[in-house]
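Working notes, structure below.
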Amino acid sequence: MSRGNSELDRLREGRTELENHYIDELASGNLNRRDFLRRGSMIGMSTPLLGAILAACGSSSKSTSAAGGSTTSSGPVTKGGTLRIGAVAPAAAVNPLTVSDAGGLLMLNQTGEFLIFDSNLKLELQPMLALSWSPNTDGSVWTFKLRPNVTFHNGAAMTADDVVYTFQQLSDPKNASNALSAFVGVLTPSGVQKVDAMTVAFHLEAPNGNFPYLVSSDNYNAIIVPKGTDFTKWQSTFVGTGAFKLGKYTQGAGASFVPNPNYWGAKALLDSTTFNFYMSQAPLILALQGNSVDVIAQFTPAGAAAILNSPSYKIISLPSANHRELSMRNDIAPFTDPRVRQAVAYTLDRVGAVAALLSGKGSVANDYPFGPRFKSTDTSVPQRAQNISMAKQLLAAAGHPSGFSTTLKTEIYQEIPQLAQVIVEDAAKAGIKISPTIETQTLYYGKSTFGNSDWLDGTMSLVDYGDRGVPNVYLTAPLTSAGTWNAARFHNKTYDNLVKQYVAALDLATQKTIAGKIQNLLLQETPVVYPYWIDGLTASTPNVNGLNPTSIAQLYLNTAYKSA
Amino acid sequence: MSIAEIPIEDAAAIQAGRHEVGSEVFRQLVRSPTFLIGAFILLVWIICAIFGSSIAPHSPFAQNLEGINQAPSSAHLFGTDQLGRDMLSRVIVGSRDILIIAPLATLLGTVLGTVVGLVMGYFRGIVDDVLGRFVEAFLALPVVVTGVIALSTLGRSNLVLIVVIGLLFTPLIARTVRAAVLLERELDYVAAARLRGERSPYIMFVEILPNVFAPIMVEFTVRLAYAIFAILTLTFLGLGVQPPSPDWALDISANYGVVPAGYWWEVLFDALAIATLVVSITLISDSVQGAIEG
Amino acid sequence: MVRFILKRLGFALITLWILSVIVFLLGQVLPSDPGRSILGPLAAPSAVRALDHQLGVDKPILTQYWHWISNFPGTSNQYQAPIGPILTSALGRSLKLAIFAFIIVVPLGIFGGVVSALNAGNPVDRTISVVGQTLLTVPEFVSGIVLLVVFAVALGWLPVTATAPPGSGFFTQLKYLILPVIPLVMILFGYIARMARVGTIEALDSDYARTATLKGLPRGVMIRRHVLRNSLLPTITVIATQTGYLIGGLVVVEVLFRYQGIGSLIYNAATQHDIPMLEACVLTIGVVYMLVTLFADILFSLLNPRIRLKAAE
């Protein structure tokens, strides 16, 4: 990469220390193109700049597309027409503060926009309603410059007041917003401050290197709404800034959207979009097969064999952090001994599980919450594989040469009942006899507090975790000593400290180093077994193009069109 | 008088009460083709239930994640399911749970129903009226819906299943027994027993009961078919037998989502197994009824 | 006659009120946490408690009962939307399926029963009887699955689901309902045929019928004009009492064929512990059951000359 060095030096001028640090990493090969794009965009470097730097380093300036992404067109761009999308019905009234299900959040992003867009297709943070953002020296204050000339669907111009209002409502504990899972301990309403009409500053509770993700589309509740909006009535207007505005919303049946003629960006290509709601995934799949819809917004591999194995559908497969956690009560024998926990981990045939339960649409996970979705993952840590003899050895060393009996509690949700059966069968190969109880989610979650929840109290407990843009939540809630979702009762001071450092780390290299330490610690202790990561899947008929899905089940249709 | 109060089934019960179960009935049964066919099929399933693990070519629980959803072949006569388990073995061993739970539930309902029916029919008067209202109320409850609500609340376990079904069948059986008892109590031997000074429980259980045994037996076989029906339906809805049992209804419930993908063998053989079992019980109960009625 | 109807209506209303009390108590007994249901498993316990208080969970029972009755049908915990529209559209869909089933099974059953009676004792009679009895006990999901595999997957003649795409015409909707209707027909056929058989035999044996035959009335005419009317009477009885089985059948068929009727609604409400929805559904079914019984009573007395004449006195 010695060519173009003078060009690179020119580009380095005027860049901040952090930006130069990244350029160094890129030039020395510690950072690959994708990671550089991602990290650079996260700290606010513009796309043209990033492209120029990459070009100067000898790589093409075209942005990458994710493996399996279908941004390639298979026909001329035809404007007009109606796109029919099938989706699982929102579980409740669509209230941006409280939405917590896939159906609901899909509705939010049809008309609503975020400060930043986390693009899974291009693997970078893109400016949406914020043009640029930057941290102070220690990452405890993040300042965002807003995009000018943006109007809401009701005609009002978007200013800092609206952004401040939105985030104050989201971070206020009194509103019990679903976004609190991202903001608790990070942001309080008083920390959201208007600097001027087009600038907002977030004063955080503690330095946080990943903060931009928390106000990006990853935090699916954080669509910007006009100041003073009554969130409980949002469903009747769907007011936002997006390329589409509400046509009609009928609870339980469907919704339609039409292009916003005053949109700040490229106008939508379609004449309208129609969403049909279905109660569960199975009728959704049937609808695509029966040609009642053109697109299925998001589905899981479980039960989708009919379309996954058929060549007649376009499948977009995005790496996502959707996963399952098998926790073991570290405070109940025999799981008090880490060797026993490791033994359980060694019995699991993860490769087989991905092939059988996910039809290959996923990737094997190691026993920690870092994976292909997160750039801070230290990929040098070796992947644990199934090893029954190793499991038996560990059990013998821990004093259980002929195994032991225990119980497992889990929920009826997607492929989890089958995963439970795979776990039971695999564990039996090492002599561990697990008797599973598979219950409805209501019974499994109980009151969601320690002592009142099979999820949190089960000796072994298998639960689902949805996709998030950064692993912070997976590192804290289920595994830190004070974590409210710590089903494993894992209390490890070293771990707690490492997580604190990770959260505060501002640059990728530091994050990676700490991640590596966390990963090795968790492999050693194995409080929780992580079988696999599940891809986010979107399916369509072959003539649909330009879909922009995210792994969180959002679907942007600005660039979508149907070729003849 | 309301339609719901016409005891239509009592007609059959009253007729049946006239006869006793004996060796003559048995001889008639053995000559009846419906009984023989039904009994044969049932016997096959009973053998599967008891000796299943030895008969089955593979373990019903052994998974093969590399060989999932395979169509029937010489290696797997009924194909494999979504976790690569041998369907034939699962169908064989799947007979076990239903053949234990259904008879137990029916037995519970029959025992309780007999007691309630005896009490109602013998004492009549207020006792009959009061119990009758309860019986009426219970009769109006659709078994499946009540089962769904009860099991969602009480949690699923085989014990709860047996108790719930048993209790729901009690009023049906009580009604039949009551009708038969109403007729019997007018007969001479009952009057004679009373004159002798025998106490009511003695008269009910020692004198009358043996003579109403025939309709009770008929009821048992009829209700057994319904018990199988109800339990399998509840299992299909996820509220009956629990995984990882290879129960037929459970497998159907787990696999019918992939039928549109063409994996028909993962549900069809279970469905046929259920159909044959149900038909066999029906044939048996039909022929028993015929034999007793003469 | 009018007095008879009014009296029955009066009884029905009282029973309805008792039913509402029972359903409400049922809801109280079932363990549930509405706040938790609404906010989901991951919400903070303090928020759940606040919402519970807001919903009035800690108020006295009578207040809660009154609140429930006056706000009937109320709001669903899982959908967080008024139950009314959801319930009515679901009921509508189930009625379509049920009426379709009745339209097929009543004539079929009566036909089977009459044929049975006319052939009383011989193999035709036995066959119809055994077939009817057997079909009764085959669970709906079993026949449904076999039908699905054969007609929808293997042959591809009919759709795999019962829900037609939105905006479909009448006949398209009917096509989607063909497969789910068959298991329902199967479980109702047996009883209807049996009752029609009993009624027909009695009618054939009656003095009137014998007199008419002696007088030279052709058999066919006699059957049509007199026997049929009298065999209808017990059949109407059965239809009313079969409502219970039908509803149970609806639950299974709607779940299997993915149809948003009241059966699906009850099933989801029960498994998701959505108590308000469950209460509303059960009460609705109770009302439907009573209406059907009432209707059958009235129809019965209209058709039965004995009761009609007595009431006229």
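Labels below follow one simple rule: chain letters A, B, ... track the order of the sequence lines, proteins then strands, and each chain is numbered from 1.
- Neither the backbone nor the side chain of B:Ala230 comes within contact range of chain C, judged by heavy atoms closer than 4.5 Å.
- Across B:Ile149, B:Leu277, B:Val143, the residue that shares the most heavy-atom pairs under 4.5 angstrom with chain C is B:Ile149.
- Residue contact with chain B, scored on non-hydrogen atoms closer than 4.5 Å, involves the backbone and the side chain of C:Val138 alike.
- Residue contact with chain C, scored on non-hydrogen atoms closer than 4.5 Å, involves the side chain of B:Leu239 exclusively.
- Side-chain N or O atoms of B:Thr170 include one that pairs as donor or acceptor with a backbone N or O of B:Gly166 at under 3.5 Å.
- Residues of residues 276-288 of chain C lying under 4.5 angstrom from chain B, judged on non-hydrogen atoms, are C:Leu278, C:Val282 by number.
- Put simply, of B:Leu237, B:Asp286, B:Leu283, the one with the most heavy-atom pairs under 4.5 Å next to chain C is B:Leu237.
- Contact annotation for B:Leu232: both backbone and side-chain heavy atoms come within less than 4.5 Å of a heavy atom of chain C.
- Only the side chain of B:Ile274 comes within contact range of chain C, with heavy atoms under 4.5 Å apart.
- Atom CZ of C:Phe151 has 12 or fewer neighbouring heavy atoms from other residues, nucleotides or ligands inside a 6.0 Å radius.
- Taking B:Trp264, B:Tyr226, B:Tyr256 one by one and counting their heavy-atom pairs under 4.5 Å with chain C, the maximum is reached by B:Tyr256.
- Not counting sequence neighbours, B:Asp247 has no partner by the salt bridge (charged side-chain N to carboxylate O under 4.0 Å, His left out) test.
- With 3.5 Å as the limit, one finds no donor-acceptor pair spanning the side chains of B:Thr110 and B:Glu219.
- A donor-acceptor pair is defined here as one N or O able to donate and one able to accept, closer than 3.5 Å; such a pair exists between the side chain of C:Ser264 and the backbone of C:Tyr259.
- When heavy atoms are compared at a cutoff of 4.5 Å, C:Leu250 does not approach chain B at all.
- Chain C forms more heavy-atom pairs under 4.5 Å with one residue of B:Thr34, B:Val145, B:Val148, B:Thr233 than with any other, namely B:Thr233.
- Contact detail for C:Pro159 and C:Leu179: the closest heavy-atom pair is O-CD1, 3.6 Å.
- In this structure, no portion of B:Leu151 lies under 4.5 Å from any heavy atom of chain C.
- Counted by atom type alone, B:Gln82 and B:Asn255 present one or more donor-acceptor pairs between their side chains at under 3.5 Å.
- Of the residues considered (C:Val146, C:Val142, C:Thr137, C:Val149), C:Thr137 shows the highest number of contacts with chain B, using heavy-atom pairs under 4.5 Å.
- Looking at B:Thr106, its side chain never comes within 3.5 Å of a backbone N or O of B:Phe220 through a donor-acceptor pair.
- A donor-acceptor pair under 3.5 Å is absent between the side-chain atoms of B:Thr235 and the main chain of B:Leu250, judged by distance alone.
- For B:Thr282, the part lying under 4.5 angstrom from a heavy atom of chain C is the side chain only.
- Under the 30°/60° scheme for interplanar angles, the aromatic rings of B:Trp45 and B:Trp248 are found to stand perpendicular.
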Exercise for the section: Just do the side-chain contact (heavy atoms from CB on, under 4.5 Å) check on B:Ser157 and B:Gln242 with the steps written out, would you? Expected result: CA-CA 7 Å; B:Ser157 73; B:Gln242 293 301 296; over 6 Å; no

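- Electrostatic pairing of B:Asp270 and B:Arg90 does not count as a salt bridge here, judged by no charged N lying under 4.0 Å from a carboxylate O.
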